[in-house]
Amino acid sequence: MASSALICDTEQWKGLQAHVGEIQKTHLRHLMHDVERCKAMTAEYEGIYLDYSRQRATGETMEKLFKLAEAAKLKEKIEKMFRGDKINSTENRSVLHVALRAPRDEVINSNRVNVVPEVWGVKDKIKQFSETFRSGSWVGATGKALTNVVSVGIGGSFLGPLFVHAALQTDPEAAESAKGRQLRFLANVDPVDVARSIKDLDPETTLVVVVSKTFTTAETMLNARTLKEWIVSSLGPDAVAKHMIAVSTNLELVEKFGIDPKNAFAFWDWVGGRYSVCSAVGVLPLSLQYGFPIVQKFLEGAASIDKHFRSSSFEKNIPVLLGLLSVWNVSFLGYPARAILPYSQALEKFAPHIQQLSMESNGKGVSIDGVQLPFESGEIDFGEPGTNGQHSFYQLIHQGRVIPCDFIGVVKSQQPVYLKGEIVSNHDELMSNFFAQPDALAYGKTPEQLHSEKVPEHLIPHKTFQGNRPSLSLLLPSLSAYEIGQLLAIYEHRIAVQGFLWGINSFDQWGVELGKSLASQVRKSLHASRVEGKPVLGFNSSTTSLLTRYLA
Ligand code: F6P
């Protein structure tokens with residue numbers, strides 16, 4: 001396939017399109033009878049078990065998808081990423097989040113320079129700083145040790161760290177090492193979020209970490225100035241040196257803001273915002289809360305999946321299989337959405353993180369060469385932990401629209417509870433639903449079954465479940481820092497695989513720019529009206545009326 005050609009013009013894409021008709025004739029109820037098929041549609045790595053037998057796919061589908069991967073040069077593209085080639089071509093950047101978790105002795109080049117020593121330089125600095133901070137030797141302006149951290153950042157500078165924090169805080173080992181400390185996040189520029197983030201905190205014992213790749217994001221900078229004022233008004237201007245630190249690629253702007261460069265932690269333009277949780281963006285606040293050794297385990301988990309992704313054959317490669325199946329569901333079966341359903345409350349912030357990771361990466365209209373795509377890329381991600389989701393939106397998934405589901409379960413709970421007299425433990429109760437839901441979706445319930453249960457005739461249509469609704473099950477052995485890192489990397493690579501197959505650039509995000517520049521015009525107009533009493537000018541009639549009403 002020529003580099004500028006579109007994947008949808010290949011024989012392999014057309015072969016899959018033709019194959020859809022075959023699949024439409026099948027029902028998961030029948031496909032699930034084939035024991036050999038079910039056994040074949042599994043993969044395992046370090047105890048992580050993937051079962052994709054409830055996808056609307058057969059061995060033939062998988063063969064065709066592997067051929068599509070060949071046509072898309074998937075292997076070469078993965079290799080280019082790990083090699084540090086500038087695959088983010090619209091920004092002329094390498095894509096090297098894998099270097100953030102690479103072992104110390106690995107060599108990964110960007111611009112012919114091995115970046116691994118630099119990465120470890122920052123990690124060593126974080127380790128040292130977090131030890132000083134946690135030991136109480138780092139004291140604030142009034143001589144008190146700091147026990148509270150507010151991490152100010154948005155998008156990729158917020159969602160990944162929040163997901164990991166939420167997952168770690170219920171882990172007994174991590175919770176023990178976080179005793180007496182608080183980590184909070186401030187993302188939204190909404191003053192309500194500012195108030196919530198500092199509620200009941202004393203500036204005397206609080207450290208603010210400003211996290212921004214660019215150090216120009218309007219919301220983050222206003223929030224950073226707001227918390228700076230909170231500190232200065234209570235402790236005086238010199239307090240900034242002890243109460244504010246930063247994470248950024250733009251150390252010049254960090255200094256201009258008034259944060260001592262010694263207290264700034266760098267990362268690099270080859271780390272995309274939404275791929276940055278393994279950089280100082282996540283590693284610093286999480287190390288302050290939990291200690292560096294626990295965060296290092298999280299990084300090692302992610303690194304183990306990097307190895308698996310780079311070296312395993314596609315047939316047994318979990319991120320590749322997931323990526324191929326997503327492309328199959330979106331581009332061939334026509335299912336545009338995906339539900340992310342962790343049966344683990346600890347993963348409550350996983351779906352919000354994947355929303356950004358996936359939709360900012362793959363929601364594109366043109367190929368990497370700028371050619372308009374004649375098909376839709378990207379996937380609409382949403383989700384909620386089970387069983388909560390079952391009592392919320394599962395009705396639609398069972399009897400309304402078809403939405404492929406990712407069921408994520410954990411064998412060993414972080415918090416085992418077994419109430420005397422109950423027939424199962426709380427975790428078994430949770431997992432009973434994890435095992436039941438995929439079959440309910442796949443098999444459904446027929447009118448014949450309902451008749452045999454003597455369901456009144458008028459209720460038969462309402463109680464019928466058509467079934468044939470695809471899902472996959474991902475079972476993790478436990479949910480320690482290591483597995484949290486593995487889960488993160490599985491999804492990061494899956495999303496990259498989707499982008500590689502669609503032939504798009506999953507690593508830029510031009511789509512967020514237009515809204516930002518229009519907001520800047522509105523900001524200027526609000527200022528001119530409020531401060532100089534000028535009328536609202538330069539907007540269409542709808543926006544003018546809305547603004548006038550707001551200002552009045
Ligand atoms: O929303 C656009 C975006 O650029 C994201 O990609 C990024 O994660 C977020 O804004 C925050 O950017 P920064 O870390 O530069 O403040």
Side-chain angles (χ1 to χ4, degrees), residues 87-97 100 122 150-165 185-190 193-194 197 208-228 244-257 259 264-286 349-365 378 381 488 491-492 495-496 499 504-520 523:
I87 60 170
N88 176 359
S89 51
T90 61
E91 296 181 303
N92 195 29
R93 291 174 183 167
S94 311
V95 174
L96 280 178
H97 44 282
L100 301 169
V122 174
V150 181
S151 182
V152 182
I154 198 164
S157 296
F158 158 59
L159 291 161
L162 177 70
F163 140 59
V164 181
H165 172 51
F185 292 88
L186 169 56
N188 201 336
V189 74
D190 185 338
D193 206 23
V194 178
S197 74
V208 173
V209 189
V210 184
V211 183
S212 174
K213 179 174 170 179
T214 53
F215 229 71
T216 58
T217 302
E219 298 95 317
T220 299
M221 297 328 295
L222 180 52
N223 277 339
R225 290 192 295 274
T226 307
L227 291 204
K228 188 178 182 186
M244 289 191 90
I245 63 173
V247 176
S248 186
T249 59
N250 196 333
L251 298 182
E252 249 173 59
L253 287 185
V254 170
E255 191 169 2
K256 259 196 194 158
F257 180 87
I259 291 175
F265 296 81
F267 68 115
W268 305 272
D269 70 359
W270 41 260
V271 182
R274 54 195 174 274
Y275 295 88
S276 66
V277 55
C278 294
S279 73
V281 166
V283 175
L284 178 62
L286 294 166
K349 296 294 178 191
F350 185 57
H353 176 51
I354 299 307
Q355 278 175 8
Q356 188 205 12
L357 193 59
S358 163
M359 297 203 264
E360 197 165 271
S361 293
N362 288 340
K364 305 287 160 70
D381 291 280
L488 169 85
Y491 274 75
E492 283 179 347
I495 286 158
I504 58 177
N505 183 352
S506 299
F507 306 104
D508 61 11
Q509 58 285 316
W510 299 107
V512 300
E513 296 303 324
L514 182 57
K516 282 187 197 171
S517 66
L518 292 183
S520 139
R523 187 183 304 128

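Atoms within each ligand, like the ligands themselves, are counted from 1 in listed order.
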>> Please check this pair: side chain of S506 against backbone of A496, looking for a donor-acceptor N/O pair closer than 3.5 Å.
In response: no
> In Å, rounded to the nearest 0.5 Å, how long is the span from OG of S248 to CZ of F265?
Replying inline: 13.0 Å
> Heavy atoms under 4.0 Å from ligand 1: which residues qualify?
Replying inline: I154, G155, G156, S157, S212, K213, T214, T217, G273, Q356, E360, Q509, V512, K516
> How are the rings of F215 and F257 set to each other: parallel, tilted or perpendicular (split at 30° and 60°)?
Replying inline: perpendicular
>> For the residue pair S358 / Y491, report whether a side-chain donor-acceptor contact shorter than 3.5 Å exists.
In response: no
> Would a distance-only check, ignoring hydrogens and angles, find a side-chain to backbone donor-acceptor pair under 3.5 Å from N223 to N188?
Replying inline: yes
>> Taking D508's backbone N and O only, do any of them form a donor-acceptor pair with K364's side chain (distance below 3.5 Å, no angle check)?
In response: yes
